[in-house]
Student: 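Got a structure for you, questions after.
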Amino acid sequence: MDDFDSIKNIFFEECNELLSELERSLEIIKCGDFTDEIVNAAFRSVHSVKGGAGSFGMPDLVRFTHVFETALDLLRSKMLHIDSGIIKIFLRATDVLSDSVQAEREGVAPPFERQNQSIKELISLSCDNSVDADKFLNRDDNLGGFDEEEKSVSLFSPISIELSEIDNTSGNELDVAFEIFEDNSSPDGTGKSEKSPEKNLNNEINEGESENAPATIKVNSQNNNVTIRVDLERIDKLVDLVGELVIGQATLRERYEKNHWGRAEPVSIENALSDIDQLTRNIQDAVMAVRAQPLRTVFQRMQRVVREAAHATGKSIQLVMDGEDTEIDRSLIERLTDPLTHMLRNAVDHGVESTEDRLKNGKSADGVIRLSAIQKSGRIIITVADDGAGINRERVKSIAIKKGIINSQANLSENEIDNLIFFPGFSTSSTVSDLSGRGVGMDVVKKSILDVGGRVTIFSEKGVGSTFLLSLPLTLAVIEGMAITSCGQTLILPVSCIVETMLFNYKDVFVMGDGVSALSIRGVFMPLLDISVVLGFSTGENFQDREVILVVEDDDGNRVALLADGIDGQMQVVSKNVEKNFRATRGISAATILGNGNVALVLDAASIIHMGSENVCRLPYPGGLASIERRSPEWAT
Amino acid sequence: MSNIIIIVDDSRTIRNLLSKTLYAAGYTVRQAADGVDGVQLVKSLVEAPAVIITDLNMPRMDGYNFISCIRILELTKKTPILVLTTETSQEKKILARNAGATGWIVKPFAPEVLVRAINRIIIKK
């Protein structure tokens, strides 16, 4: 990749940022409470896209951005009175611009039809009828009909230094500084004599990718160059820490050598070790911070998703966002876009009722969908909440029965019914809509969230709305774990799910028949699970080795008491994917390698709690647990 | 004589394009993303830069204010300042000139032409 391509990549990345900024500004303007700076920021975003597009010879993009920025300039100079219609035109233009940038990036034809439609709308905003819309619509007119001065809009067009021809009438001091240079190289002042550099450059650029080059090559070259922007401060911190690590390592070596060779009394290396311990953790945090990115980038995209979905369904919906600055590992950000898109479309399509129904039920005409993010005990919780009708459980159940997902005799809890919507092939929409009614949505959402170590939970109340909680790990790679032993196996339990630990006392166990036990902790009963039994590596007949109880909790607040032989201590573990290397296993989220080289399995608290609850409250399916598992191993996870 | 060129522009793309071009031509390039950073950068210099190139429309502090700010500094009193902009309106050029700009560059620009022009400006100086 040469410099030109790398700068082009920077341009496309910057475009994404600028488009987010533009969208954010327009949303603020839409709300009515804005400053001139916000309008200016919107203008600047489009203006910068135009500037870059010109530099890289993207005439279609320049043509469109030019019209767009002209319209925004009207807003800036307060020649436009803002109303929802105008904002809609701007938002539509933003969407078109975003697609046009994407088209340039992929090397495919931009959406001319929509561009032209949008250009017409934008030009119609101008009260000044002298602007000839046709001149912007005609693409064949190479330069899109810009003013003479703007004829430089083409790949590296030659007018680069334009020299002052402004009146020299005033004689103030500053004029002295305003030297007048003559562009010797272009005698006619338009730079037309300088065709040669342009040509050369074009040739150079085309060497790498001729116009006929397949678009896939371009796409590949992008994928190989994923870059992130990081605050210099974070890098500096990392460098500082590495510096300290070098010192720490030197200290450790010196002390070790003293002990090894020295005649003097042995010195303790414990301090040096604990220093390095601390440093390693700090470095790890610092490295993770480098990879961390605010969720804003994904969230901003959702504005458009909701806007388009609302438009398609004819509903009036407001998306309220909160916590966009919450940071999450970059790799997770990318993998969140699709599930969130699905969920929001679903919320628009199935969650929020039609305006008539809302008014009938005494609700406001506008539906509200809340998208928020918060960091909570080592995980990121993303909430998608709508104020719609809530899940129609009777309907969900009858569809599930009709589709053979559950038995007609099934006696399910409300929560279990809600979870049916995550079943593959489940779709409650009676007519398949373009938006979310293909029945491929929610199970894909669940799968992709599970894939990144997350969980999805639903809360729904009839007439009030539905809330989807996505609980995601902060990072894919490292977790804070508690090492426990059970039947000679070392297992890791994420610290974030442990509520408390205590010594096991057989007196507190209450056997409830059928081999099901409960533990009384300060008068509160909770299911008692022997971890080795749950995972199936012992029959758990004798309790004598069991010494500790760990109370674990999932995101919904369900608690169980886990019985284990002992606790080895807290440690940070690097998690390795089990599913990829072996297969998806219930109760296990990952594996790791311990300091002694042994492999330990990382437990998935939520699925263990669920596995336990299946044992405790017998499920009403014919054939018991096994029949559910055959249908969907994800059922309970 | 200094071979430092200062670029002040809020667009990363343009900053990168300019710096790569000028760096290849043998200049040392320092960048700032807006007027505020630009003033700070200029104040941190010991030697006057050869040329300052600035955008006009930037967040926090725009190009006009940036130029006015650095024109009163002893160090950059006489440094050529080129305004980098796609805005070609006469009004803006006059505003830029009144603020103390020396000339302007219209985006997009051909790297060779830019380098040649800057070389000329420096020699002239």
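Each chain gets a letter, A, B and so on, in the order its sequence line appears, and its residues count up from 1.
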Student: What's the separation between atom CG in Asp10(B) and atom CG in Leu18(A), rounded to the nearest 0.5 Å?
Tutor: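 Reported value, rounded in 0.5 Å steps: 8.0 Å.
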Student: Applying side chain to side chain donor-acceptor pair (under 3.5 Å), name anything that partners Ser68(B), two or more places apart in sequence or on another chain.
Tutor: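 By the side chain to side chain donor-acceptor pair (under 3.5 Å) rule, Ser68(B) matches no residue at all.
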Student: Within this structure, what is the CG-CD distance for the pair Asn57(B) and Glu69(A), rounded to the nearest 0.5 Å?
Tutor: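 Nearest 0.5 Å value for the CG-CD distance: 9.5 Å.
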Student: Heavy-atom cut-off 4.5 Å, strictly under: side chain, backbone, both or neither for Asp9(B) against chain A?
Tutor: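 Contact with chain A is absent: no heavy atom of Asp9(B) under 4.5 Å.
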Student: To the nearest 0.5 Å, tell me how far Lys8(A) NZ sits from Thr13(B) OG1.
Tutor: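 Going from the NZ atom of Lys8(A) to the OG1 atom of Thr13(B) covers 12.0 Å.
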Student: Say you draw a straight line from CD1 of Ile7(A) to CD1 of Ile14(B); how long is it, rounded to the nearest 0.5 Å?
Tutor: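 Atom-to-atom, Ile7(A):CD1 and Ile14(B):CD1 are 9.5 Å apart.
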Student: In terms of heavy-atom contacts, does CZ of Arg30(B) have more than 12 from other residues, nucleotides or ligands at under 6.0 Å?
Tutor: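 Open: at most 12 neighbouring heavy atoms sit under 6.0 Å from CZ of Arg30(B).
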Student: Can you name the residues that form a side chain to side chain donor-acceptor pair (under 3.5 Å) with Ser25(A), not counting sequence neighbours?
Tutor: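 Side chain to side chain donor-acceptor pair (under 3.5 Å) check on Ser25(A) returns nothing, list empty.
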Student: From Glu13(A) CD over to Arg12(B) CZ, what is the distance, rounded to the nearest 0.5 angstrom?
Tutor: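 Going from the CD atom of Glu13(A) to the CZ atom of Arg12(B) covers 6.0 Å.
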Student: Step by step, would you call Leu17(B) with Phe11(A) a side-chain contact (heavy atoms from CB on, under 4.5 Å)?
Tutor: CA-CA 10 Å; Leu17(B) 264 176; Phe11(A) 168 63; over 6 Å; no
Student: First locate atom CG of Asp55(B), then atom NE2 of His47(A), and finally report the distance between them rounded to the nearest 0.5 Å.
Tutor: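 Separation between the atoms: 6.0 Å.
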